Amino acid sequence: MRLDRDVTHTALNQLYRLISGPLMLICIPLFLSAEEQGYWYTFTSVAALSIFADLGFTTIVLQFAAHEFAFLHYDENQKIDGDEFHLHKLADFFRFCMKWVSFTVSIVFTIIVVYGFVFISENKDLTVTWQIPWIIYSVFSSVYFIFNVVLSFFEGCNNVAKTQLTRFKVGIVASLTNIILLFLGAKLYALAMSMCFSTIVCCWIVCHEFGKNIKLLLSLSKCKTYSWSKEFFSLMWRYAISWCGGYFAMMIYTPLAFRYYGSVEAGRIGLSVAICTAMLSVANIFMTARLPILNGLVEQRDWVKAKNLFKSMSCKTIGAHLIFAIGFFALYYLFYDKVALLRRLVVPTSMAILLACWFLQDIVNAITLYIRAHKIEPFWWMSVVSGVYIACSTFYVVTHFSAEYLFVGFLSSFVYGIPYFVWVLYIQNKLDIGERK
């Protein structure tokens, strides 16, 4: 029953995003000028520098919590209970997470606010009011990041249904605020205030749904029983490098387009990337719902069940993404010259490249989730290679070619990337089989 709720609530959240996402994609070009659309997506892309506060932190939080919760359960009052040693370890880990996230947010988001202000101000378009919306948006993004870490922790504690339902409710608040304020002519303030209101709602829900377990964990953690620093940071630096490479691979396109092609082209690229990201998120319903279970099976060394679960969820995810990508491109190509709004997206050649990139990225994501469930990160050096290659190749494109070829560097990186990831998966499976014997 819990697994059914996990899948159902994850599906509810992702399907709502599938509906609200296109609705927002329609509202943005309807209520914003082409220049304002460029600022909108530049806001979100620059704010994505929060990866330097995350650096894989939320993923590690989910994984470590799931590994400890493999020996715990919820009692009749929905309080965490079970083996005393692992309960105290989990409590220590929660306090450790809160200290670390408070420290990183205070540094990284201060830099983001200032850097974003300087970067965006270099565009001399005086017709767009962006300064105050940027400050509101970036500041509340930092607060929301803290609550997102808390949600990741409890998601690892086999509470996928509640955390996904929380994200669903927050998503409703964000999208409704955006749409209403855009309709009322609030322009970029719509993005800023939606982040403000959704953060407040997220705070209230987290306190209401997880408050008693938060108090329990903080109380138990007063008597320290386990030091997480060595185990955590030995993995964290590898994740940090991987996530930085991922930022260059995913988030540099809109800012570069903003700089070299102008705000209008940046808007087209931002809108197109948002569509592809929505496809990836919806296709990952089964991966998201079962990830804590996968981590628990690895902790219990149940390799047969872990491998079968990985095969099931990866096949469903990749298959769904392929169907979405083919279906979308067919409709997009058919109506591109007939529907004016579609010309707010990138041209067909660029869209085909972009869809292929995100589909191949989904294959890579599935493999990395399985390997990282073992509390290892062998991909960091490949992330460095790919990040440098993609950054250099994309910079070369924006300085020598039209925006149509912006994603060629990203696509070509999979020529060497996919074989490496498959090879790592093969080696890890052999190690798991050897341990079972």
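These numbers were taken from a predicted model, which means no experiment stands behind them. Just so it is clear, the values below take in all heavy atoms, side chains as well, and ignore hydrogens, waters and symmetry mates.
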Exercise. So, do Phe210 and Thr166 sit near enough that their side-chain heavy atoms are less than 4.5 Å apart?
Worked result: yes
Exercise. Taking C-beta and beyond as the side chain, do Val108 and Ile111 meet within less than 4.5 Å on heavy atoms?
Worked result: no
For this session: Please work out which of the three classes, parallel, tilted or perpendicular, describes the rings of Phe410 and Phe414, given edges at 30° and 60°.
Result: tilted
For this session: Look at the rings of Phe145 and Phe109 and say which category their plane angle falls in: under 30° parallel, 30 to 60° tilted, over 60° perpendicular.
Result: tilted
Problem set entry | Glu404 and Thr349: CA distance, side-chain angles, deciding distance, side chain to side chain donor-acceptor pair (under 3.5 Å) verdict | CA-CA 7 Å; Glu404 183 177 359; Thr349 301; 3.2 Å; yes
Problem set entry | Leu369/Phe310 under side chain to side chain contact (heavy atoms under 4.5 Å, CB included): CA gap, chis, key distance, verdict | CA-CA 9 Å; Leu369 286 175; Phe310 167 69; over 6 Å; no
Exercise. Looking at Glu155 and Arg167, does any basic side-chain N land under 4.0 Å from a carboxylate oxygen?
Worked result: yes
For this session: Measure the shortest side-chain to side-chain distance between Met195 and Leu191 over non-hydrogen atoms and say whether it is less than 4.5 angstrom.
Result: no
Exercise. Hey, what do you get for OG1 (Thr254) to CG (Leu406), rounding to the nearest 0.5 Å?
Worked result: 8.5 Å
Problem set entry | Closest non-hydrogen atom pair between Ile390 and Ser413, with its separation | CD1-OG, 3.7 Å
Exercise. Does a side-chain heavy-atom distance below 4.5 Å link Tyr137 with Pro133?
Worked result: no
Exercise. Can you check whether Ala174's main-chain N or O pairs, donor with acceptor, with Ser198's side chain at less than 3.5 Å?
Worked result: no
Exercise. Is the distance between the ring centroids of Trp228 and Phe96 under 6.0 Å?
Worked result: no
Exercise. Does NZ or CZ of Arg372 lie under 6.0 Å from the centre of the six-membered ring of Phe379, at an angle within 45° of the ring axis?
Worked result: no
For this session: Determine yes or no for a side-chain-to-main-chain donor-acceptor pair under 3.5 angstrom, with His400 supplying the side chain and Tyr396 the backbone.
Result: yes
Problem set entry | Any side-chain heavy-atom pair of Phe329 and Tyr332 under 4.5 Å | yes
Exercise. When you look at Ser412 and Tyr389, which way does the side chain to side chain donor-acceptor pair (under 3.5 Å) test go after all the steps?
Worked result: CA-CA 10 Å; Ser412 61; Tyr389 171 76; 2.5 Å; yes
Exercise. Which pair of non-hydrogen atoms, one from Ile252 and one from Ala391, has the smallest distance, and what is that distance?
Worked result: CD1-CA, 4.2 Å
Seminar exercise, completed: Heavy-atom closest pair (Ser138 atom, Val113 atom, distance to 0.1 Å) is OG-CG2, 3.3 Å
Problem set entry | Donor-acceptor under 3.5 Å (Thr104 side chain, Val101 main chain) | yes
Problem set entry | Heavy-atom donor-acceptor pair, His67 side chain to Ala373 backbone, under 3.5 Å | yes
For this session: Determine, stepwise, if the pair Asn178 / Trp40 fulfils side chain to side chain contact (heavy atoms under 4.5 Å, CB included).
Result: CA-CA 12 Å; Asn178 266 322; Trp40 183 288; 3.4 Å; yes
Problem set entry | Working for side chain to side chain donor-acceptor pair (under 3.5 Å), residues Asn284 and Asp362 | CA-CA 8 Å; Asn284 273 268; Asp362 215 358; 2.9 Å; yes
Seminar exercise, completed: Rounding to 0.5 Å, atoms CG (Asn148) and CZ (Phe57) come to a distance of 11.0 Å
Exercise. Which atom names give the shortest non-hydrogen contact between Arg268 and Glu265, and what distance separates them?
Worked result: NH1-OE1, 3.0 Å
Exercise. Are the side chain of Arg238 and the backbone of Ser234 linked by a donor-acceptor contact shorter than 3.5 Å?
Worked result: yes
For this session: Could you walk me through whether Leu355 and Met279 pass the side chain to side chain contact (heavy atoms under 4.5 Å, CB included) test, one step at a time?
Result: CA-CA 9 Å; Leu355 289 169; Met279 288 184 197; 3.9 Å; yes
For this session: Check whether any side-chain heavy atom of Lys305 sits under 4.5 Å from a side-chain heavy atom of Asp302, and report yes or no.
Result: yes
For this session: Considering non-hydrogen atoms only, spot the tightest contact between Leu425 and Ile371 and give its length.
Result: CA-CD1, 4.0 Å
For this session: Kindly say whether Gly171 contributes a backbone atom to a donor-acceptor pair with the side chain of Ser175 at under 3.5 angstrom?
Result: yes
Problem set entry | Side chain proximity check, Val398 to Arg259, heavy atoms < 4.5 angstrom | no
Exercise. Is there a donor-acceptor pair under 3.5 Å between the side chain of Thr399 and the backbone N or O of Phe395?
Worked result: yes
For this session: Starting at SG of Cys196, measure out to CD1 of Ile136 and round the result to the nearest 0.5 Å.
Result: 7.0 Å
For this session: Would you please classify the geometry between the Phe64 ring and the Phe232 ring as parallel, tilted or perpendicular, with 30° and 60° separating the classes?
Result: perpendicular
Exercise. Does a donor on one side chain sit under 3.5 Å from an acceptor on the other, for Glu299 and Asn295?
Worked result: no
For this session: Inspect the surroundings of CZ in Phe103 and state if more than 12 heavy atoms from other residues, nucleotides or ligands are less than 6.0 Å away.
Result: no
Exercise. Below 4.0 angstrom, N of the basic side chain to O of the carboxylate: do Glu231 and Lys375 qualify?
Worked result: yes
Problem set entry | Validation row: Ile418, Phe421 side chains within 4.5 angstrom (heavy atoms) | no
Seminar exercise, completed: Between Ser272 and Met351, the two heavy atoms sitting closest are OG-CE, 3.7 Å
Exercise. What is the ring orientation for His321 with Phe359, classed by angle as parallel under 30°, tilted 30 to 60°, or perpendicular over 60°?
Worked result: perpendicular
Exercise. Can you check side chain to side chain contact (heavy atoms under 4.5 Å, CB included) on Tyr144 and Val170, steps first, answer last?
Worked result: CA-CA 11 Å; Tyr144 182 78; Val170 171; 4.0 Å; yes
Exercise. Got a second to check how far Ile132's CD1 is from Leu188's CG, nearest 0.5 Å?
Worked result: 12.0 Å
Exercise. Going from CD1 on Ile28 to CD1 on Ile179, what distance comes out if it is rounded to the nearest 0.5 angstrom?
Worked result: 9.5 Å
For this session: Might you work through the side chain to side chain donor-acceptor pair (under 3.5 Å) test for Trp381 and Tyr420, ending with a clear yes or no?
Result: CA-CA 11 Å; Trp381 71 269; Tyr420 171 73; 3.0 Å; yes
For this session: Indicate yes or no for a side-chain donor-acceptor contact from Arg343 to the backbone of Asp337 under 3.5 Å, with no hydrogens or angles considered.
Result: yes
Problem set entry | Under 3.5 Å donor-acceptor, Ser221 side chain and Leu218 backbone | yes
Problem set entry | Leu176 atom CG: more than 12 heavy-atom contacts under 6.0 Å | yes
Problem set entry | Heavy atoms of other groups near Tyr416 OH, more than 12 under 6.0 Å | yes
For this session: Answer yes or no: are there more than 12 heavy-atom neighbours, outside Tyr405 itself, under 6.0 Å from its atom OH?
Result: no
Exercise. When Phe153 is tested against each of Trp100, Phe94, Phe69 for ring pair (Phe, Tyr, Trp, His ring centres under 6.0 Å), which residue passes?
Worked result: Phe94
For this session: Verify ring-ring contact (aromatic ring centres under 6.0 Å, His included) between Trp130 and Phe117, making sure each step is shown before the conclusion.
Result: CA-CA 9 Å; Trp130 61 268; Phe117 201 94; 5.1 Å; yes
Exercise. Rounded to the nearest 0.5 Å, what separation is found between the CE atom of Met98 and the OG atom of Ser102?
Worked result: 7.0 Å
